[in-house]
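A, B, ... follow the sequence lines: proteins, then strands. Residue 1 opens every chain.
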Amino acid sequence: MPAPGGQLPDLSHPAVEVAPQLLGCVLRRGKHAGVIVEVEAYGAEDDAASHAYRGPTPRTEAMFGPPGGLYVYLIYGMHLCANVVCCDEGIGGAVLIRALRPVTGLAGMRRNRPKAASDDQLCSGPGKLTAALGIRKGDDGLNLTTGAVRLEPGERVDTCDIVTGPRIGISKAVERPWRFAVANDANVSRPRPVAR
DNA sequence: CGTTTGATGCTCT
DNA sequence: GAGCATCAAACGG
């Protein structure tokens with residue numbers, strides 16, 4: 001069930017449960033902010049695709065921290081991915097933010113992403129949105145309520161407007177339909193999920 | 001140690 | 001649709 005507008009989901013719950021509830025919430029860094037329109041859940045029991053699968057390491061430490069934290073990591077040597085840490089401390093669960101609909105600080109985001117062909121491609125991917133918002137490696141582990149990067153209540157997203165599908169870019173546990181997105185939103189990365 | 005592989009994005013064909 | 005950039009973990013010997 002998606003979170004009603006005006007409040008955040010309970011982040012101490014499992015990632016698969018929290019993920020769809022984050023749709024409609026706002027991710028902000030300074031003046032740059034956008035509504036979350038696409039996410040993926042990681043770190044449930046036996047999830048071989050999760051960075052938490054083999055226990056904590058220096059890189060994944062934030063994923064095992066308290067819910068409501070930010071997990072940032074470098075992927076493919078050049079892009080950063082941002083995750084909302086959820087589940088109880090020590091479990092190692094997080095929700096990858098895959099796409100945003102930009103709402104404030106558009107001019108700054110365009111400067112951060114000069115190659116984006118249009119505004120709906122500013123944040124249409126996990127590496128794109130971290131660049132657009134200006135999220136950096138040093139933001140890893142900070143608190144999303146008090147830190148430089150914040151998670152804020154946003155708009156309500158109706159359950160029937162949420163589509164699901166397999167997670168993107170993984171080679172393990174590919175069959176799990178743990179990608180969630182707002183249906184018919186131009187900011188969602190490709191391929192667009194179709195299933196309900 | 002050396003080698004492979006990524007929760008990606010951009011360019012060129 | 002294929003290839004590449006670029007580097008830190010993970011993995012095998």
Test item: [X] and [Y] side chains (from C-beta on) under 4.5 Å apart, heavy atoms:
X: A:Tyr53; Y: A:Lys172; answer: no
X: A:Val157; Y: A:Pro20; answer: no
X: A:Leu133; Y: A:Met109; answer: yes
X: A:Asn83; Y: A:Tyr73; answer: yes

*Sugar-phosphate only, base, or nothing, as touched by A:Ser171 at under 4.0 Å among non-hydrogen atoms*: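 Answer is sugar-phosphate: A:Ser171 comes under 4.0 Å of backbone atoms only.
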*Please measure how far the P atom in B:dA7 lies from the corresponding atom in C:dG1, and state the result in whole Å.*
22 Å
Do [X] and [Y] land in one hydrophobic cluster if side-chain heavy atoms of ILVMFWY residues count as linked below 4.5 Å?
X: A:Leu22; Y: A:Leu100; value: yes
X: A:Ile135; Y: A:Val85; value: no
X: A:Val39; Y: A:Ile75; value: no

Figure out the [atom1]/[atom2] separation between [X] and [N], and round it to whole Å.
X: A:Leu80; N: C:dC7; atom1: CG; atom2: C1'; result: 12 Å
X: A:Tyr53; N: B:dT5; atom1: OH; atom2: P; result: 18 Å
X: A:Asp140; N: C:dA9; atom1: CG; atom2: C1'; result: 14 Å
X: A:Arg167; N: B:dG6; atom1: CZ; atom2: P; result: 13 Å
X: A:Arg59; N: C:dC7; atom1: CZ; atom2: C1'; result: 11 Å

On the nucleotide [N], are OP1 or OP2 found under 4.0 Å from the side-chain N or O atoms that [X] carries?
X: A:Arg54; N: C:dC11; result: yes
X: A:His51; N: B:dA7; result: yes
X: A:Thr57; N: C:dA10; result: yes

*To the nearest 0.5 Å, what is the distance between CD1 (A:Ile162) and CD (A:Gln21)?*
9.0 Å
_Ranges pairing with ranges for DNA chain B, where each run has three or more Watson-Crick or G-U pairs under 3.5 Å_ = B:1-6 with C:7-12, B:8-12 with C:1-5
_CA sep, side-chain torsions, deciding dist, call: A:Tyr42, A:Val95, side-chain contact (heavy atoms from CB on, under 4.5 Å)_ = CA-CA 6 Å; A:Tyr42 285 91; A:Val95 176; over 6 Å; no
_Please encode protein proximity along nucleotides 8-13 of chain B as a string of B, S and -, counting only heavy-atom distances under 4.0 Å._
BSSS--
